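Since we're looking at a predicted model, the values are computed, not measured. The chain is numbered in sequence order, starting from 1. Below, each value reflects all heavy atoms present in this structure, side chains not excepted, and no hydrogens, waters or symmetry copies.
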Amino acid sequence: KDSNNIDAFLLLGDIVREKDVNQAIKIHQTVILRPQISQSKKIEAHIALSKDFIKSGNISKAEEELNNILNMDSSNKWALLKLKDIATENKNWKEALKYEKKLMKVDIHHKKNDESMLNYYIAMDYKSKDKIKNYVHYLEKSAAAENIHPESALELANHNKDNADIAISYYKLYAKHKPSQRTIAYNKIENILFDNQQYDNVEGLYRELLKNSFDGFALNRLVDILLE
């Protein structure tokens, strides 16, 4: 069957991508040009081609392919997510906000989990326009959500760098919701405490962290501090 043949070429292109992305592009382009191809298979081919272009670093061509997908299926979650990711990476907050709103319309689960992210994008859009009052308002709204987007806490910590207590509270919030980056957050807190000559509070910072659960990083830092 032709559909089986198309599936085979799509799979071949995916396999080839890792070693020869230009060859993968050619394979997936030939699939798209097939006269009898169904719309669902054409969408699969455009998805594969967008992955090829992302792999090759040709982001503008990847965006073209993603928009081709949306022209056939305006609710395609995968394409919307990728376009939002590209806009976010480029700090194009207006575009990121547009795609985030579309995602919330097409996916009820996305809406439930990402209201904090939506407010973050709104905040960053205001920041790009130098509307600081609105920027802070939406960041605080984002950081107050149950399912917080961690970057909101980081932005608020950096914004409040001249207010030690507020900055520290947001760095802690960031560390809590993005544990993989907690070392960066706690190093920032240490710097604030040292700058404000609150040396005893550095030890207390890590003792408090260890009260909640074991943390190898916190233990190592506490030992270093006690040995200094």
Side-chain angles (χ1 to χ4, degrees), residues 13-14 17 21-22 24-25 28-29 32 39-40 42-161 170 173-174 177-178 180-181 184:
D14 289 345
R17 182 186 299 125
V21 70
N22 291 325
I25 289 169
H28 289 137
Q29 284 175 332
I32 288 170
Q39 179 162 301
S40 63
K42 199 166 190 176
I43 287 172
E44 284 185 46
H46 280 295
I47 287 174
L49 198 49
S50 68
K51 291 178 180 178
D52 297 337
F53 284 124
I54 289 171
K55 174 75 174 176
S56 71
N58 193 338
I59 302 304
S60 61
K61 291 293 290 183
E63 287 179 298
E64 281 183 30
E65 294 304 321
L66 293 166
N67 281 308
N68 284 333
I69 295 165
L70 293 180
N71 288 336
M72 291 181 280
D73 176 12
S74 62
S75 299
N76 189 283
K77 186 179 174 183
W78 193 89
L80 290 169
L81 280 167
K82 283 297 176 185
L83 283 166
K84 187 189 79 171
D85 289 344
I86 291 169
T88 301
E89 193 169 323
N90 293 331
K91 299 188 187 304
N92 187 339
W93 303 114
K94 186 175 181 180
E95 284 293 294
L97 177 58
K98 177 180 81 174
Y99 292 121
E100 178 65 11
K101 284 181 175 178
K102 286 184 178 181
L103 281 162
M104 292 179 78
K105 282 183 180 178
V106 304
D107 185 349
I108 189 168
H109 299 295
H110 189 91
K111 182 174 183 179
K112 180 181 178 182
N113 293 328
D114 274 10
E115 285 188 65
S116 177
M117 187 181 286
L118 176 63
N119 285 320
Y120 171 75
Y121 284 128
I122 294 171
M124 298 308 289
D125 189 40
Y126 276 125
K127 184 183 181 182
S128 69
K129 298 171 184 173
D130 289 326
K131 295 184 177 180
I132 302 305
K133 185 177 179 180
N134 290 339
Y135 158 71
V136 173
H137 170 75
Y138 280 98
L139 279 181
E140 289 176 344
K141 193 173 180 182
S142 175
E146 183 178 349
N147 296 312
I148 178 177
H149 182 57
E151 304 306 319
S152 297
L154 183 61
E155 276 287 322
L156 283 165
N158 293 333
H159 177 73
N160 289 284
K161 62 182 183 294
Y170 281 121
L173 187 64
Y174 176 68
H177 289 277
K178 198 164 186 178
S180 64
Q181 298 297 311
I184 294 172

_Show, in sequence, the C-alpha distance, side-chain angles and deciding distance for Y135 and H159, and conclude whether the ring pair (Phe, Tyr, Trp, His ring centres under 6.0 Å) test is met._
CA-CA 10 Å; Y135 158 71; H159 177 73; 5.6 Å; yes

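- Residues that satisfy the salt bridge (charged side-chain N to carboxylate O under 4.0 Å, His left out) test with K94, not counting sequence neighbours, are absent from this structure.
- Partners of K141 according to the side chain to side chain donor-acceptor pair (under 3.5 Å) rule, which considers only residues two or more places apart in sequence or in another chain, do not exist here.
- No donor-acceptor distance shorter than 3.5 angstrom exists from the side chain of H177 to the backbone of L173, with no hydrogens or angles considered.
- With 3.5 Å as the limit, one finds no donor-acceptor pair spanning the side chains of S152 and Y138.
- For the residue pair S75/D73, the side-chain donor-acceptor check at 3.5 Å is not satisfied.
- Scored by the side chain to side chain donor-acceptor pair (under 3.5 Å) test, K84 finds E100 as partners (sequence neighbours excluded).
- The main-chain N or O of H149 is found under 3.5 Å from a side-chain atom of S116 such that the two form a donor-acceptor pair.
- Salt-bridge check for D14 with R17: passed, with a basic side-chain N closer than 4.0 Å to an acidic carboxylate O.
- Among all heavy-atom pairs drawn from S142 and I148, the shortest one is O-CG1, 3.9 Å.
- Take K178 and apply the side chain to side chain donor-acceptor pair (under 3.5 Å) test, not counting sequence neighbours, and it matches E151.
- V136 is not listed as a side-chain neighbour of Y126, based on a closest heavy-atom distance of 4.5 Å or more.
- The minimum heavy-atom distance between D125 and S128, with the atom names listed, is O-OG, 2.6 Å.
- Applying the side-chain contact (heavy atoms from CB on, under 4.5 Å) rule to N90 yields the partners I86; only residues at least two apart in sequence or on another chain are considered.
- Side-chain atoms of N71 come within 3.5 Å of backbone N or O of N67 as a donor-acceptor pair.
- The two atoms that bring A96 and T88 nearest to each other are CB-OG1, 3.8 Å, heavy atoms only.
- For E64, the side-chain contact (heavy atoms from CB on, under 4.5 Å) criterion is met by K61, not counting sequence neighbours.
- Side-chain contact between M72 and H46 is present, with at least one heavy-atom pair separated by less than 4.5 Å.
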